[in-house]
Enquirer: 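Supplied in structure tokens, the structure appears directly below.
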There are 2 protein chains.
Amino acid sequence: MVKKMAVLSERQKLVLALLVRDYVETIEPISSGRLVKNYQLDFSSATVRNEMAVLEEKGFLSQPYTSAGRVPTRAGYRYYVRRLMGEDQLPAHIQEMIRHQFYQARHDVDDWLSLSASVLAQHSMGAAIVTQLHTEKARFKHIALLSTRGRQALVVIVLSSGEVHQQTLVLDETLSQEQLSGIASRINQLATGLDVKELKEKEPEQAGSLLKEIFEVVLNTLKGSEVISSGEVYRDGLANMLSEPEFSEPEKAKQTLEIFEDQVMLDDLLSRTVFGSDTPGVHVIIGGEDTWDQLEDTSLILASYGKKDHAMGAVGILGPLRMSYSRGVSTVRFVSDLISELISESMGS
Amino acid sequence: MVKKMAVLSERQKLVLALLVRDYVETIEPISSGRLVKNYQLDFSSATVRNEMAVLEEKGFLSQPYTSAGRVPTRAGYRYYVRRLMGEDQLPAHIQEMIRHQFYQARHDVDDWLSLSASVLAQHSMGAAIVTQLHTEKARFKHIALLSTRGRQALVVIVLSSGEVHQQTLVLDETLSQEQLSGIASRINQLATGLDVKELKEKEPEQAGSLLKEIFEVVLNTLKGSEVISSGEVYRDGLANMLSEPEFSEPEKAKQTLEIFEDQVMLDDLLSRTVFGSDTPGVHVIIGGEDTWDQLEDTSLILASYGKKDHAMGAVGILGPLRMSYSRGVSTVRFVSDLISELISESMGS
DNA sequence: CTTAGCACTCTCAGCAAGAGACTGCTAAAT
DNA sequence: ATTTAGCAGTCTCTTGCTGAGAGTGCTAAG
């Protein structure tokens, strides 16, 4: 589905671009005079007014009330991001700084993700989300059973993608670590390398209820992993986002917070954008794009990380419509590339 | 340190109690007349006014401006919670409902915790925090090494308390699951049942750099577990809290959010209250209690769960000063007792 | 010690007036 | 045909004022 986009003259594009940039900084309706003065345009404010009127008619600008300055509409932001916004690189010294932080957490992959969230939050002045997830057709690789305390046991399942699932079980009776290890190695012998279908055939008929029970857990894990769903989600910078003036209205703040907390929404969003589309790179979702009503006043900048054929997760930031898109895009791109790089490096050749 | 508390007449206590309750519901300054009318007091508004003046002088009430109604101060809330508030039980049908939810998640201990957060958030209309943590002197119990993908490996360490730690490592070379299992069982033979000190003596001199490296990880884990620190933290109901009118001022909202996000603060708070004190039960922290400046406009209701000698974690809710303390306390108490019960049950005899 | 009565204080909503900020339009200039 | 200066018109925002209402503190009587 390709949307028809109105054709704008060069000067109209210029006016729109300047207006968006200025508005993002000042959060105040921008007047024609201001634009001319601030950017030393070589045409007059009356001309700008005429162009603004056209831009308004095409739906890119709006006025809070008659004869106030203009404000970009959702469509205005979209046009700006897709056609007008230059693609800045993140300044070299900031790149260096971020790299440095990552190399310090060299040994723990989970740390990379939570660090990413923190870095994104910091550099975007907004809220950040980082997910783990799995899209590859899953095969069973390995299971470990660990006795923790009393009747509790921890089940850790590793899939061929490298993804790890775990779950605490409460058993019917207390079992020693040796007994659990025994069960685990039986399952490992039985199931290594199999996918869901193959696994189902091997299901033990009546081989002791516990073995069967744990087999069930494995099966469910594999089944569950066929759905695109983010596992653990790292969030950061909520406070940043809520200090944006647009969220001083409690209603909007609440709305946006619910998105931030709502895993289901997030999964839907990711599978329909970064993971659903075949164009790689950074995706910008502005005001819900007429698809997600709840996101009316929120924009997201998202990107996947990991290899194309088995993407491993997504990173992104979340902010008001009026956010610095160019800064955001370059930050998200840089971080997602960096994680991809670190991960592929750590996977050896 | 026992604080001297002003002595109040019975009638003053009554006025304070009614005022707090009424204010919590209405969020409006309470006038003398209103109190008399609403609760059919058998003395006049003038009398109430006199009592209010006394209460104000003692620091329990304040006026937003000359001749408006009265509002409780932090000290007022404290006196109310410690001396005046009755201890309601959670209504039976709600207890039943919550129990039901928990029994549905019977098999996964982690689910209990995230469910607790959700239940607390729902029933308190505030934000909820649930932590895992460890206080017992830790001994090593078991380790598992799992090959995930390429050079990445997952280290899972179980301590004698039943606590589980895990970490992803990036190895120098790709190792097979068999090789990793071999290393794990060597460490298990070597270290099972030992504490930090004993473990240090057994440290392998030069037995292959990988074995040594993983041994380091075990050591650090044990060391780390001597500090009181919450592990994973479950949060819920943020949106609830931010829809409270007192947080419509962005500054306060931000302040409180930072607490919600700040792990260090939370650890400090917990170790100095629920885990630091020898009185068991529910702790109410009102407006930071002159100790935590950031909590000026926030109250917390906290309780630990698990057995006394090896407490396993804390649950709590977080809201504005003007929160329903009696409801909150009974909810937190019920949930923490319920988790304790479920856990001790699942630990067998 | 309690209470009725009253003067006083302070907020809040409403209204009017003036200033300021921009726009839209028209007519002249390029 | 396009651009621009000029100007009337529109809308917001601030300020000051007024009257109503709510609630207190004080005083003097019960």
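Every chain is numbered from 1 and lettered A, B, ... according to where its sequence line falls, protein lines coming before strand lines. The shown structure was predicted, so the numbers you read here are calculated from the model rather than taken from an experiment.
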Enquirer: Extract, from 5' to 3' on DNA chain C, the first and final nucleotides lying under 4.0 angstrom from some heavy atom of chain A.
Expert: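 The protein-touched segment is C:dC22 to C:dG24.
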Enquirer: Please, which pairs that meet salt bridge (charged side-chain N to carboxylate O under 4.0 Å, His left out) have at least one residue in residues 24-44 of chain A, sequence neighbours excluded?
Expert: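 Passing the test, one end in residues 24-44 of chain A: A:Asp22-A:Arg34.
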Enquirer: Which parts of residues 21-33 of chain B get close to DNA chain C, meaning a heavy atom less than 4.0 angstrom away?
Expert: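 Of all residues in residues 21-33 of chain B, none places a heavy atom under 4.0 Å from DNA chain C.
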Enquirer: Taking salt bridge (charged side-chain N to carboxylate O under 4.0 Å, His left out) as the cut-off, I'd like each qualifying pair that reaches into residues 43-54 of chain A, sequence neighbours left out, listed once.
Expert: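 Non-adjacent pairs meeting salt bridge (charged side-chain N to carboxylate O under 4.0 Å, His left out): A:Arg11-A:Glu51.
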Enquirer: Hey, what do you get for CD1 (B:Ile301) to CZ (B:Arg327), rounding to the nearest 0.5 Å?
Expert: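 Going from CD1 on B:Ile301 over to CZ on B:Arg327, the span is 11.5 Å.
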Enquirer: Give a yes-or-no answer on whether the side chains of A:Arg21 and A:Tyr80 include a donor-acceptor pair shorter than 3.5 Å.
Expert: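 A:Tyr80 and A:Arg21 do have a side-chain donor-acceptor pair below 3.5 Å.
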Enquirer: Could you tell me, to 10°, how much the axis swings from one end of the helix from C:dC1-D:dG30 to C:dT30-D:dA1 to the other, five pairs per end?
Expert: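 The angle, to the nearest 10 degrees, is 30°.
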Enquirer: Has B:Glu261 got a side-chain atom pairing as donor or acceptor with B:Glu258's backbone, closer than 3.5 angstrom?
Expert: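 No, B:Glu261 side chain to B:Glu258 backbone: no donor-acceptor pair under 3.5 Å.
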Enquirer: Indicate, with a heavy-atom threshold strictly under 4.0 Å, whether A:Arg34 touches base, sugar-phosphate, or nothing.
Expert: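 Result for A:Arg34 = nothing.
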Enquirer: Hey, could you give me each pair passing side chain to side chain donor-acceptor pair (under 3.5 Å) that has a residue in residues 119-130 of chain A? Not counting sequence neighbours.
Expert: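 Residue pairs with at least one partner in residues 119-130 of chain A: there are none.
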Enquirer: With a strict under 4.0 Å distance from non-hydrogen atoms of chain B, what nucleotide opens and what nucleotide closes the contacted stretch of DNA chain D, reading 5' to 3'?
Expert: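 So the contact region on DNA chain D extends D:dG23 to D:dG25.
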Enquirer: Specify the residues of residues 63-73 of chain B, ordered by number, for which at least one heavy atom lies under 4.0 angstrom from an atom of DNA chain D.
Expert: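 Nucleic-acid contacts, sorted: B:Gln63, B:Ser67, B:Ala68, B:Arg70.
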Enquirer: Enumerate, atom names and distances included, each donor-acceptor pair closer than 3.5 Å involving a side-chain atom of residues 57-67 of chain A, sequence neighbours excluded.
Expert:
{"unit_1": "A:Lys58", "atom_1": "NZ", "unit_2": "A:Val7", "atom_2": "O", "d": "3.1"}
{"unit_1": "A:Gln63", "atom_1": "NE2", "unit_2": "A:Ala68", "atom_2": "O", "d": "3.3"}

Enquirer: Among residues at least two apart in sequence or on other chains, which ones pass ring pair (Phe, Tyr, Trp, His ring centres under 6.0 Å) with A:Phe247?
Expert: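 For A:Phe247, no residue satisfies ring pair (Phe, Tyr, Trp, His ring centres under 6.0 Å) once neighbours in sequence are set aside.
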Enquirer: Between B:Thr273 and B:Leu269, is there a donor-acceptor pair closer than 3.5 Å when you use the side chain of the first and the backbone of the second?
Expert: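 Present.
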Enquirer: Partners of B:Tyr325 by ring pair (Phe, Tyr, Trp, His ring centres under 6.0 Å), sequence neighbours excluded?
Expert: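 Expected list: B:Tyr77.
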Enquirer: With rounding to the nearest 0.5 Å, note down the distance linking CG in A:Leu321 to OG in A:Ser299.
Expert: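 If we round to the nearest 0.5 Å, A:Leu321:CG and A:Ser299:OG are 4.5 Å apart.
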Enquirer: About how many Å separate CD of A:Gln95 and CZ of A:Phe334, when rounded to the nearest 0.5 Å?
Expert: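 Answer rounded to 0.5 Å: 4.5 Å.
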Enquirer: Look only at the side chain of A:Asp262 and the backbone of A:Val264, and say whether a donor-acceptor pair between them is shorter than 3.5 Å.
Expert: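 Answer holds: yes.
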Enquirer: Side-chain contact, heavy-atom cut-off 4.5 Å: A:Arg322 with A:Glu244?
Expert: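 A side-chain contact exists here, since the closest heavy-atom pair is under 4.5 Å.
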Enquirer: Residues two or more places apart in sequence or in another chain: which of them pass side chain to side chain contact (heavy atoms under 4.5 Å, CB included) with A:Gln294?
Expert: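 Side chain to side chain contact (heavy atoms under 4.5 Å, CB included) check on A:Gln294 returns A:Ile259, A:Met265.
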